[in-house]
Amino acid sequence: MTAMQPIRAKRFHADARVTMSHGGGGRATSELIASVFAPHFANPLLEQGHDAARLDRPAGRIVVSTDGHVISPLFFPGGDIGSLAVHGTLNDVAMGGAQPIALTAAFVIEEGFPLADLERIAASMGEAARRAGVPIATGDTKVVERGKGDGVFITTTGIGVVPDGVEIGPDRLAAGQAILLSGTLGDHGVAIMSQRQGLEFETTITSDSAALHHMVADMVAAVPGIALLRDPTRGGLSSTLNELVEGTRLGVLIEEAAIPVKGEVASACELLGLDPLHIANEGKLVCICEEADAQTLLAIMRTHGEGTDAARIGTVTAEEPGFVRMTTAIGGTRIVDWLSGEQLPRIC
Amino acid sequence: MKYVEEFRDRALAEKLSAAIRAEADPARSYNFMEFCGGHTHAIFRYGVQDLVPGNVHFVHGPGCPVCILPIRRLDDAIELAERHGVILCSYGDMLRVPGSKRRSLLSVKAQGADVRMVYSTLDALDIARKNPDRQVVFLGIGFETTTPPTALAIRQAADEGLTNFSVFCNHVLTPAAIRHILDAPDIDPEEAVHLDGFLGPSHVSTVIGSRPYEFLSETYRKPVVIAGFEPLDVLQSVLMLIRQVNEGRVEVENQYARVVTREGNTKAQDLVDEIFELRPAFEWRGLGMVARSALAIRPAYAPFDAEARFDLSEKTSREVKSCECPAILRGVKKPKDCKLFGNVCTPDNPMGSCMVSSEGSCAAYWTYRRAETLAEMAKDKAMAEQAA
């Protein structure tokens, strides 16, 4: 009988792929975790080695947010599913005005997925968490049979703390408040589209995927009375604003000329018949605040790399309740509607 | 964005708007049909109506390729994907259009049919090359603008000797449809739509030129302005039409001179002539059978014609009852005149093609002018009840 061997990081062959045994819960699973994830995620919480991470209870109210990340392609200009899974959840926590303190990560991996790609994703995820200053406290790995997944799905959960005095929420919206946007629209969606099979086009546009909680921390510190923060991800700015006013006695009026959109994004949208207001973002926020605080908040946003192009784009109104309206570039008006189904390119 | 932003300049738009207000005679009304759904979309997206006086009316024509495809042809496409098991390639807009029993290409895809969205005919050819053991059919739809790329794909498939690629051809012709609309009052007086002129689709004219519209001024005495799709193009074209009407001129003018010529792209026209021939008649959703209004693949290219290659069953396809798409496509009714509008028919749950296509009139009213349209509908209803 041989002595029991501790699970060690294993050097995988460059062409090695994920097999069903990596998800079986046995030695192979432990080797996968030790080799692929642990080196990149290393932090004291993870090293506690329990199924559940123990966190010190901080002062303030706890917020929790969870998000499943499914994206094709997995690697795109400006990011990949790993960093996206970190940023997306950190931003959801931050939009409550909270500072994130820990993340969890669950992986569903398709049998046959290259281990080298999985490690690339883990490295990117670890790097994103480190830069954000938020540890990945615990996680899970499952493998599904080939053909039953799409490479890798990652679900992350974020835990954060809201400072006392910050009461961000849709119930705080009121007519006359200013609507601010932290930067250019559509960068993420267009970067992804440029890599999609059948649509590849050359562009220097990279995804705006970024964690916004540092910027939010400065914003809530200066103006604790911010009414609302939202990140306009899937469905874009149009869905975010429609969600806010639907079924309420409030409306929104935005100004097309004030909305920042990069020239290349605008060109790609023209070519494909898409509307930048409907396109996904992964590193932008919408802030709704009292008119008197708008300039202070814009100035704070602009001191952060993620908020360089911050702009005031509109106002909450009592007119046309339930609708998002826009003054167009030529001075006409129109409704900005929800994205209906999936945005499909026009024929001509 | 060079050549785009210049045509969305607010100061210039205000100048054109002022010129239109100054020249439009308040004692009369101006009804201009924009034939093309691209114009409808541009007018609504930029709120062009707000920049013209109330007596200048846009009448929305049938120029949306998705909207005018009859339900029977869509059922044929679904049959190709389902019964014949082909890889059916289509442009994105087509996927959500409801066919019979509210089934769409997207819904049959969800049930297992191999339907793929492509961005160009060349992508469909590529799918055929990569799947030699499968039949690949490209659903060819659209006006003169999208016809040359389909012709090119067929020629390329022929040159390469591809035996698993064909086109289900539904390409249609703009001038024939305009003629049909103008003839309609002679056929049925209730169909009379008073039109003072046409905004001609510029993308179509980049291929066919402006000459094919000269019959409109010569025979039907209707002014035409070939108009670009940017908001300033539309405003300038409206001004040009108003001037023609006021001065009693009836001409084909070309606002989109930066691209369109009288003769058009003769190379593309020759390619289309080589591959396609005129159908004696073709059914349009909303217009019914329209003589010499569509193209079929010439017998010399029959191996690439899905209609020749596959045995398609006879269908008894039916539109949704009380859907007013047909009358809306002819410019006889407006979306607000349809009982289904906004009630059971929305872009999320479209009953007819005008609501499903982003270029359709109903989708434009719903997406960009919903508040006003619903208010008008309520007013019309109240008046009707009062009258009763």
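The basis for the numbers below is simple: all heavy atoms, side chains too, and nothing from hydrogens, waters or symmetry mates. All chains are named by letter (A, B, ...) in the order of the sequence lines, taking the proteins before the strands, and each is independently numbered beginning at 1.
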*Asks:* Quick one, B:Thr367 and A:Ile335 - any side-chain contact, counting heavy atoms below 4.5 Å?
*Replies:*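 No, side chains not in contact.
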*Asks:* If you look at every heavy atom in A:Ala329 and B:Arg10, which pair is closest and at what distance?
*Replies:*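 Smallest heavy-atom distance, with atoms named: O-CB, 3.3 Å.
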*Asks:* Please flag which part of B:Tyr46 lies under 4.5 Å from any non-hydrogen atom of chain A: side chain, backbone, both or neither.
*Replies:*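 Both backbone and side chain of B:Tyr46 come within 4.5 Å of chain A.
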*Asks:* For B:Trp366 and A:Asp337, run side-chain contact (heavy atoms from CB on, under 4.5 Å): C-alpha distance rounded to whole Å, both residues' side-chain angles, the deciding distance at 0.1 Å, then the answer.
*Replies:* CA-CA 9 Å; B:Trp366 178 261; A:Asp337 206 7; 3.7 Å; yes
*Asks:* Taking atom CZ of B:Arg129 as the centre, does the number of heavy atoms from other residues, nucleotides or ligands within less than 6.0 Å exceed 12?
*Replies:*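 Enclosed.
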*Asks:* For the candidates B:Ile127, B:Asp50, B:Val48, B:Asp126, which exhibits the highest count of non-hydrogen atom pairs separated by less than 4.5 Å from chain A?
*Replies:*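 Looking at each option in turn, the highest pair count goes to B:Asp50.
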*Asks:* Checking A:Arg334 side chain against B:Arg45 main chain: does a donor-acceptor pair fall under 3.5 Å?
*Replies:*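 Checked: pair present.
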*Asks:* With a 4.5 Å cut-off on heavy-atom pairs, point out which of A:Glu264, A:Glu256, A:Arg325 contacts chain B the most.
*Replies:*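 Of the candidates given, the most pairs with chain B belong to A:Arg325.
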*Asks:* Heavy-atom count check: over 12 atoms from other residues, nucleotides or ligands less than 6.0 Å from B:Arg102 CZ?
*Replies:*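 More than 12 heavy atoms, drawn from other residues, nucleotides or ligands, come within 6.0 Å of this atom.
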*Asks:* Between atom CZ of A:Phe323 and atom CG of B:Leu374, what is the distance when rounded to the nearest 0.5 Å?
*Replies:*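 Output value for this atom pair is 6.0 Å.
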*Asks:* I would like to know whether A:Glu320 and B:Arg369 meet salt bridge (charged side-chain N to carboxylate O under 4.0 Å, His left out); could you show each step before the answer?
*Replies:* CA-CA 12 Å; A:Glu320 305 279 3; B:Arg369 294 247 155 194; over 6 Å; no
*Asks:* Specify which of B:Gln49, B:Arg116, B:Glu372 makes the most heavy-atom pairs with chain A at under 4.5 Å.
*Replies:*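 Between B:Gln49, B:Arg116, B:Glu372, the count favours B:Glu372.
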*Asks:* Show the nearest heavy-atom pair for residues B:Gly47 and A:Thr328, with the distance to one decimal.
*Replies:*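 Of all heavy-atom pairs spanning B:Gly47 and A:Thr328, the closest is N-CG2, 4.1 Å.
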*Asks:* Using a 6.0 Å cut-off, check whether atom CD of B:Glu14 has over 12 heavy atoms from anything other than its own residue.
*Replies:*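 For B:Glu14, atom CD is crowded (more than 12 foreign heavy atoms under 6.0 Å).
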